[in-house]
Amino acid sequence: MANEMHPPGNRPPTPPPLPPPPPPPQNSHNPKPRAEKPSAYLASLEAAGPDFMETAVDVPMPDKPSGPIWYFFYGTLTKPEILKHVLDIEEEPSLRPATIVGYSLSSWGQYPALIDGDTGEKVSGYGYEVQSIEHEYKLARYETNAYKLHPCKIQFDDGKEPLEVYGNTFMYAGDSEALKAGRFDRVLWEIQMGMRLPDAWRTPWTGLHGDDEASRDSAD
């Protein structure tokens, strides 16, 4: 059977083309379109000129991923069995005897606490190369917010290379003067509680840091 042919007049009309997309909305106060934010990286390359590879001192480079970093331990983390448990590792941790200079040790309850010391004052402990950011998080969680991360220069005492490195340690996060004097540490209390000490609880010895001696003198 022959296919039926529709005369041209019976064919459905061709749909019209789609209209172009509308222009982006403009601010009535500023009819100019928003300029695209320039790239700081591309701008630094352009400013350096065509010979920047031969003349530039600081060539812009992308950030590098975090790698191993040395830590100085002086308290419970100097015990391999505790460090192994905190990091949840199978192998025995390799600790190197080490010293940091310009620091002192005090006591926070039953735990040692690192604070600023006199010039030349030394604290002995151990250096350990932390392998990952996950291990750094585990160390910080173990130390709690009573301690804060602090950069330091670690000098090794075993005569092996490297002889010294820059790394991190954990220092007491509160008021070191209150810690040494054995009195209430308002700074540490506020850090751990996440709030300011209520005014009703304040006394001459729990007030603002630095007012203690003046308060005592006025009380005498």
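Position 1 is the first residue of the sequence, and the numbers go up from there.
The aromatic ring centres of W70 and F156 sit less than 6.0 Å apart.
The two residues G127 and A98 come nearest to each other via the heavy atoms N-CB, 3.9 Å. Of all non-hydrogen atoms in A113 and Y147, the two that sit nearest each other are CA-CE2, 4.0 Å. Nearest approach of S106 to I115, heavy atoms of both residues: CB-CD1, 4.1 Å. The nearest pair of heavy atoms linking V187 to A173 is CG1-O, 4.1 Å. Shown here for T99 and S124, the closest heavy-atom pair between the two residues is OG1-OG, 4.1 Å. P80 approaches L95 most closely through the heavy-atom pair CG-CD1, 4.1 Å.
Residues I154 and Y166 form no side-chain contact, since every pair of their non-hydrogen atoms from C-beta on lies 4.5 Å or further apart. In this structure the side chain of Y74 never reaches within 4.5 angstrom of the side chain of Y126, judged on heavy atoms. Residues F73 and T169 are not in side-chain contact: their nearest non-hydrogen atoms beyond the backbone lie 4.5 Å or more apart. A 4.5 Å side-chain heavy-atom check between Y128 and L77 finds every atom pair outside the cut-off. At a threshold of 4.5 Å between non-hydrogen side-chain atoms, the residues Y103 and H150 count as touching. Residues I100 and L114 have side chains in contact (heavy-atom distance under 4.5 Å, counting atoms from C-beta outward). The shortest distance between side-chain heavy atoms of K122 and Q155 does not fall below 4.5 Å. No side-chain heavy atom of H135 sits less than 4.5 Å from a side-chain heavy atom of Y71.
Salt bridge status for K84 with E81: absent, with no side-chain N to carboxylate O gap under 4.0 Å. Of the charged side-chain nitrogens involved, at least one lies within less than 4.0 Å of a carboxylate oxygen, so that R186 and E190 count as a salt-bridged pair.
Put simply, CD on E177 and CG on D116 are 10.0 Å apart, with the number rounded to the nearest 0.5 Å. Residue K148 holds its NZ atom at 7.5 Å from CD1 of I191, rounded to the nearest 0.5 Å. Atom CG of D118 sits about 7.5 Å away from atom OG of S104, to the nearest 0.5 Å. Taken to the nearest 0.5 Å, the CG atom of D175 stands 15.5 Å off from the CH2 atom of W189. Here the NZ atom belonging to K180 is positioned 13.0 Å from the OG atom belonging to S107, to the nearest 0.5 angstrom. To the nearest 0.5 Å, the span separating CG on L87 from OH on Y137 amounts to 15.0 Å.
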### side-chain contact (heavy atoms from CB on, under 4.5 Å) evaluation trace for V165 with F72
CA-CA 10 Å; V165 296; F72 176 81; over 6 Å; no
### Task
Tell me, with the steps shown, if V130 and L139 meet side-chain contact (heavy atoms from CB on, under 4.5 Å).
CA-CA 10 Å; V130 179; L139 291 171; 3.7 Å; yes
### Task
Show the numbers, then the answer: is there a side-chain contact (heavy atoms from CB on, under 4.5 Å) between N168 and I69?
CA-CA 8 Å; N168 291 327; I69 183 171; 3.4 Å; yes
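At distances below 3.5 Å, at least one donor-acceptor pair connects side-chain atoms of Q131 with backbone N or O atoms of E129. Remark: side-chain polar atoms of R141 are not paired, donor with acceptor, to backbone N or O of E136 under 3.5 angstrom.
Both I89 and L83 sit in one connected hydrophobic cluster of ILVMFWY residues. Membership requires side-chain heavy atoms under 4.5 Å apart, directly or through other members. Cluster annotation: L149 is connected to Y111 through the hydrophobic network of ILVMFWY side chains, with a link wherever side-chain heavy atoms come within less than 4.5 Å.
In the model, D185 has a side-chain atom that pairs as donor or acceptor with a side-chain atom of Y172 under 3.5 Å.
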